[in-house]
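One structure is given below, encoded as structure tokens.
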Amino acid sequence: NFLWPYDRNERKKARPKFYFFDCGVLRALQQRLNDKPTPAEKGFLFETWFYGELCKIRDYQSKDHEIGFWRSGNHEVDFVISSGRGPILAMECKSSSQFLTQATWQAFQKKFPKVPLVIASAVEKKKRKLNNGLMIYPWKEALNFYKNF
């Protein structure tokens, strides 16, 4: 699946991200199915899996949403979910305890001041709020947040 930038003008300049429909297929093609993922791979594999789950929720619930990503310079947010009226929710996947940089959060907030940004964590066990106001959800709760959004 190709994931395009949220902003239509950016689509002319940026390349889309590509996600395999299944993380196991990607690892099998690499002949690394039985190898333990590196820390860098864990992030990509989690993001790929999470994107598939977002698409399933959207499709099963017949949500009229488009999913894209946002990038500005070296700032990026993994998923920007939009309806016909524009972006309604953003989600960032994290497979470690490192979270979105303050600079990226501020750049995103400046561009989309009314759009909630949720961190979907592969490692956190409880929902919590950071000092800068960002909400971190365990991955299952993040998916439920979108499901009920």
Side-chain angles (χ1 to χ4, degrees), residues 1-23 26-27 30 36-149:
N1 291 338
F2 285 103
L3 184 69
W4 290 90
Y6 160 74
D7 188 342
R8 302 262 184 233
N9 293 330
E10 283 298 314
R11 288 184 183 199
K12 295 174 188 170
K13 297 183 275 183
R15 293 184 184 153
K17 291 182 175 185
F18 182 78
Y19 292 100
F20 276 85
F21 65 93
D22 184 290
C23 298
L26 173 61
R27 304 270 299 160
Q30 295 171 329
K36 189 173 181 163
T38 66
E41 286 177 308
K42 284 182 184 179
F44 178 73
L45 293 171
F46 176 59
E47 188 178 317
T48 299
W49 173 81
F50 195 85
Y51 173 63
E53 295 300 305
L54 287 176
C55 291
K56 285 180 200 173
I57 292 168
R58 179 197 60 198
D59 295 347
Y60 291 157
Q61 292 189 346
S62 299
K63 291 178 180 273
D64 190 21
H65 294 161
E66 285 188 27
I67 303 173
F69 68 93
W70 172 78
R71 184 182 295 144
S72 177
N74 59 356
H75 305 296
E76 183 175 305
V77 172
D78 294 328
F79 306 112
V80 175
I81 301 165
S82 58
S83 68
R85 299 179 312 252
I88 57 171
L89 176 65
M91 301 186 107
E92 175 72 15
C93 292
K94 292 297 179 187
S95 62
S96 69
S97 58
Q98 290 183 346
F99 300 113
L100 206 62
T101 66
Q102 188 64 24
T104 297
W105 167 230
Q106 288 172 337
F108 181 82
Q109 213 173 21
K110 184 177 180 182
K111 176 78 176 175
F112 305 105
K114 296 182 180 181
V115 177
L117 175 59
V118 169
I119 307 283
S121 174
V123 296
E124 294 286 322
K125 302 293 185 218
K126 292 189 297 185
K127 176 174 76 169
R128 66 187 176 98
K129 191 175 195 174
L130 296 177
N131 291 339
N132 61 8
L134 277 171
M135 289 299 300
I136 299 171
Y137 289 84
W139 65 265
K140 190 179 268 187
E141 287 186 50
L143 290 171
N144 282 331
F145 185 86
Y146 175 58
K147 189 183 288 186
N148 297 316
F149 196 79

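These numbers come from the heavy atoms of this one structure, side chains and all, not from hydrogens, waters or symmetry mates.
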So, the side chain of Thr101 versus the backbone of Thr104: is there a donor-acceptor pair under 3.5 Å, distance only?
->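 Yes; at least one donor-acceptor contact below 3.5 Å.
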
Look only at the side chain of Glu92 and the backbone of Asp78, and say whether a donor-acceptor pair between them is shorter than 3.5 Å.
-> yes

Are any non-hydrogen side-chain atoms of Glu76 and Lys17 less than 4.5 angstrom apart?
->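 Yes, side chains in contact.
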
Do Trp70 and Pro87 come within less than 4.5 Å of each other through their side chains, counting heavy atoms only?
->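 Not in contact.
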
Would you mind telling me which of Trp4, Tyr51, Phe69, Tyr6 makes a ring-ring contact (aromatic ring centres under 6.0 Å, His included) with Phe79?
-> Tyr51

Determine, stepwise, if the pair Phe44 / Glu41 fulfils side-chain contact (heavy atoms from CB on, under 4.5 Å).
-> CA-CA 5 Å; Phe44 178 73; Glu41 286 177 308; 5.7 Å; no

Does CG in Asp59 sit with more than 12 non-hydrogen atoms of other residues, nucleotides or ligands closer than 6.0 Å?
-> yes

Within a radius of less than 6.0 Å around OH of Tyr60, do more than 12 heavy atoms belonging to other residues, nucleotides or ligands occur?
-> no

So which heavy atom on [X] is nearest to which on [Y], and how close?
{"X": "Val115", "Y": "Ala90", "value": "CG1-N, 3.9 Å"}
{"X": "Ile119", "Y": "Lys94", "value": "CG2-CG, 4.0 Å"}
{"X": "Ile88", "Y": "Ser83", "value": "CG2-OG, 3.7 Å"}
{"X": "Glu124", "Y": "Ile136", "value": "CG-CG2, 3.6 Å"}
{"X": "Phe2", "Y": "Pro16", "value": "CD2-CG, 3.5 Å"}
{"X": "Ala142", "Y": "Val118", "value": "CB-CG1, 4.5 Å"}

With sequence neighbours excluded, what pairs up with Tyr137 under the ring pair (Phe, Tyr, Trp, His ring centres under 6.0 Å) test?
-> Phe145

Please report the interatomic distance [atom1]([X]) to [atom2]([Y]), rounded to the nearest 0.5 Å.
{"X": "Glu53", "Y": "Lys56", "atom1": "CD", "atom2": "NZ", "result": "4.0 Å"}
{"X": "Ser96", "Y": "Phe46", "atom1": "OG", "atom2": "CZ", "result": "10.5 Å"}
{"X": "Ile57", "Y": "Ser62", "atom1": "CD1", "atom2": "OG", "result": "13.0 Å"}

Begin from the C-alpha positions of Leu100 and Leu117 and carry the test side-chain contact (heavy atoms from CB on, under 4.5 Å) through to its verdict.
-> CA-CA 10 Å; Leu100 206 62; Leu117 175 59; 3.3 Å; yes

Residue pairs fulfilling side chain to side chain donor-acceptor pair (under 3.5 Å) with at least one residue in residues 139-149, sequence neighbours excluded = His65-Tyr146

Worked verdict on Leu134 versus Phe99 for side-chain contact (heavy atoms from CB on, under 4.5 Å) = CA-CA 10 Å; Leu134 277 171; Phe99 300 113; over 6 Å; no

Where do Leu54 and Leu143 land on the side-chain contact (heavy atoms from CB on, under 4.5 Å) test, with the steps shown first?
-> CA-CA 7 Å; Leu54 287 176; Leu143 290 171; 4.1 Å; yes

